[in-house]
Amino acid sequence: MDPAATGVTVAGTGADPAKTTMFPEEFLKRTFSLINSDKDRNSVSLVCKDWYNVERMSRRHVSIRNCYSVSPEIVTARFPAIRSVTLKGKPRFSDFNLVPDDWGADVQPWLNVFATAYPFLEELRLKRMAVSDESLEFLALNFDDFKALSMLSCEGFSTLGLEAIATHCKNLTELDIQENGIDDLGGDWLSYFPENLTSLEVLNFSTLTSEVSFDALESLVSRCKSLRVLKVNRKINLEQLGKLLVLAPQLIELGTGTFLEELVSGSVNGLENAFSKCGNLVTLSSFWDATLLHLPVVYPVCGNLTFLNLSYANIGPDELEQILSRSKRLVRLWVVDTVGDKGLEAVGSHCPLLEELRVFPVDPFDQQLGVTDSGLVAVSKGCPKLHYILYFCQRMTNAAVITVAQNCPNFTHFRLCIMNPSEPDYLTNEPMDEAFGAIVKTCTKLQRLSVSGLLTDLAFEYIGRYAKNLETLSVAFAGDSDLGMEYVMRGCPKLKRVEIRDCPFGDSALLSGLTQYESMRSLWMSDCNVTMDGCKKLAEEMSWLNVEVIKDEGGDDRLANKVYVYRTVAGPRKDAPPFVVTL
Amino acid sequence: MDQKKTTLDLFNNVDLATELRLGLPGTDNQPEIIKSSLSGNKRTSSEMGSSTCTDENESRFSPPTKEQVVGWPPVRSYRKNILQVKKTESEMGSGMYVKVSMDGAPYLRKLDLKMYQSYEELMKGLQVMFKCIIGLYFEREGYNGSQHVPTYEDKDGDWMLVGDVPWEMFISSCKRLRIMKSCEARGLGDC
């Protein structure tokens, strides 16, 4: 390549350094347009001013993982050409009712700015945001090119908001409503999609409770030839599901309706037939009320499945065995603990390619039910590729977890929830320190860890010493003293998100993280021993941190019962409710 | 701290062993998880002087029940609700609650069809609930000699006379019940 043509200077040519550019702008633009990963783009923007400018002008997607870390004005000023936004709001513990209502994370201020700055916005993905019907209507009316809306764990809206989206978004390709605090007023929002809307590719309304017009749904599915993801709700029965499948054999992901029905044998054949035509199906979910009576209709597609989500279906080990024995290609599996240890043995036997397993509790307070240490070990024996586990159980032993770590050294996400707080090893009565010690020592790629059970400061010492790639840590009812948290804050250089509840960590522990908070997304501490003085001290030391205390009614004023600390370039919140005090 | 060498013998750390608490649940740590409306109950004993703490003091040493802990275990509300509902359903033997209206009555009732094994029992139940008389079912003539006729809406949305189909088929297709006045129901019984 001729150096002069590309503008690259060659050492020793004597060219004027001030006039040299590394590459022409067009070249950079073209190259950067091929870079989609946020991480890569962030790196690229740090190289030099030219690269920063070209990158920011060409970025199409931005992920704001804490809506208060930056303001919409700052975002739109830096990135003028965004078409797709991911926005996350409340701290994760809000999912478990630890954050009061009206805490914030309202999407409207963002929409207001986007309406002017990003009139061509196409995609909005929201997680833990407060979204009102008015906001949904605003979105539908102000962005003509709007294509994809996804909401997970959001609250504040009702089916009226969905009506607005259906009515006005002429180019809608994606409507994905998952596990939100939605006010389902019924009202048949699905019928609001106009007859000429044919662009839908993703439709997920599995978690809505009220009935939708089946005729409208049928017509929609029939005319949207590009539909690849369809997840219906529990009101859709098997017969209706069959009709939909016949219209959309191209589906890649399907969420079923209810299996509760007495089908005539003709219908069963029809359904099996319909499933067998769905050659692209790799994900199946929902399975409401499934029993062995009608589960067999899905057998024709089991062989192709890579993701099976049975977490809404209270099936037992026999049902699970039947499905899994036909699903050898499974990579991800979500189940309820009604499958028991026996069901997990089936997992170990039939799913050698399994990489992710999540086991949810059907009844956290019933000691008799559920899965135990032996189920976990069985899975680890049969699934050496396992790297993601979320496991709710009543009891566990150190020995079992140590074995699991040896069988599956590649864990990136290890989330173990022993449901009785501070529960020791049920065989030895010892703390669970060695269990988590084994995990952090063996699994060097560990990014996310949730600990539980009786834990002393030793467990945290292990974490601080070995978990060098740890990014997310969740702790509850654990530790003996400030030392515990200090080990972690001083030892884990890659921490991004730390959430702690009900631990004896105080001000000293809080302040031990000073050097970390700059590179962390956030810290949550609730019901620990942190005081207002400690928080004030932290706030004084670090001016670009927001140190927020959520006040409870009553309680000691000196205590900081709920503390949320996060880095921000937007300064203190302007929309904080009275119970949120920024120090 | 750095005296611990690389050959970490996980089970042989003498120094820290003395600091390990091997107490069973129910000792100091445990009771701190009790949530009352007061916050911050992790106080040291020296701060336990005030009167408000006496309640906490007592609760500190009673074994906590899991129900008392807010937001634990960490399962999203949505998931908790659906799984709980399903569990209750299975406890009740998949109870089939249907709405029952009676013409002229100011409000509707709800009835669990699973509580009955036959039409006879259902009629008895309805008669008790609504204090009406429904009378006997005749295949040809419907319900004779009474002021009220039981009807139901089936899966297809059609209103049917109760009693024509076998009981099992009825309960699997019945979505709601309506007790009509005989004079209005005449049309249904005629074949």
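Proteins come first, then strands; the chains are lettered A, B, ... in the order of their sequence lines, and each starts at number 1. Everything numeric in this text was worked out from a predicted model, so none of it was measured.
Side-chain contact check for B:Arg79 versus A:Asp95: every heavy-atom pair is 4.5 Å or farther apart. Considering only heavy atoms from C-beta on, B:Pro74 comes within 4.5 Å of A:Phe392 through its side chain.
In this structure, the portion of B:Ser172 lying under 4.5 Å from any heavy atom of chain A is its side chain and not its backbone. For A:Ser526, no part lies under 4.5 angstrom from a heavy atom of chain B.
With values rounded to the nearest 0.5 angstrom, A:Asn420 atom CG is found 10.0 Å from B:Trp72 atom CH2. In this structure, A:Glu239 CD and B:Lys155 NZ are separated by 7.0 Å, a value rounded to the nearest 0.5 Å.
Dense packing is recorded around CD of B:Glu121, with more than 12 heavy atoms of other residues, nucleotides or ligands lying under 6.0 Å away. Annotation for B:Met115: atom CE does not count as buried by contact number, only 12 or fewer foreign heavy atoms lying within 6.0 Å.
Between A:Arg501 and B:Val69, the shortest heavy-atom distance links the atoms NH2-CG1, 3.4 Å. Of all heavy-atom pairs between A:Asn97 and B:Val70, the closest is O-CG1, 4.0 Å.
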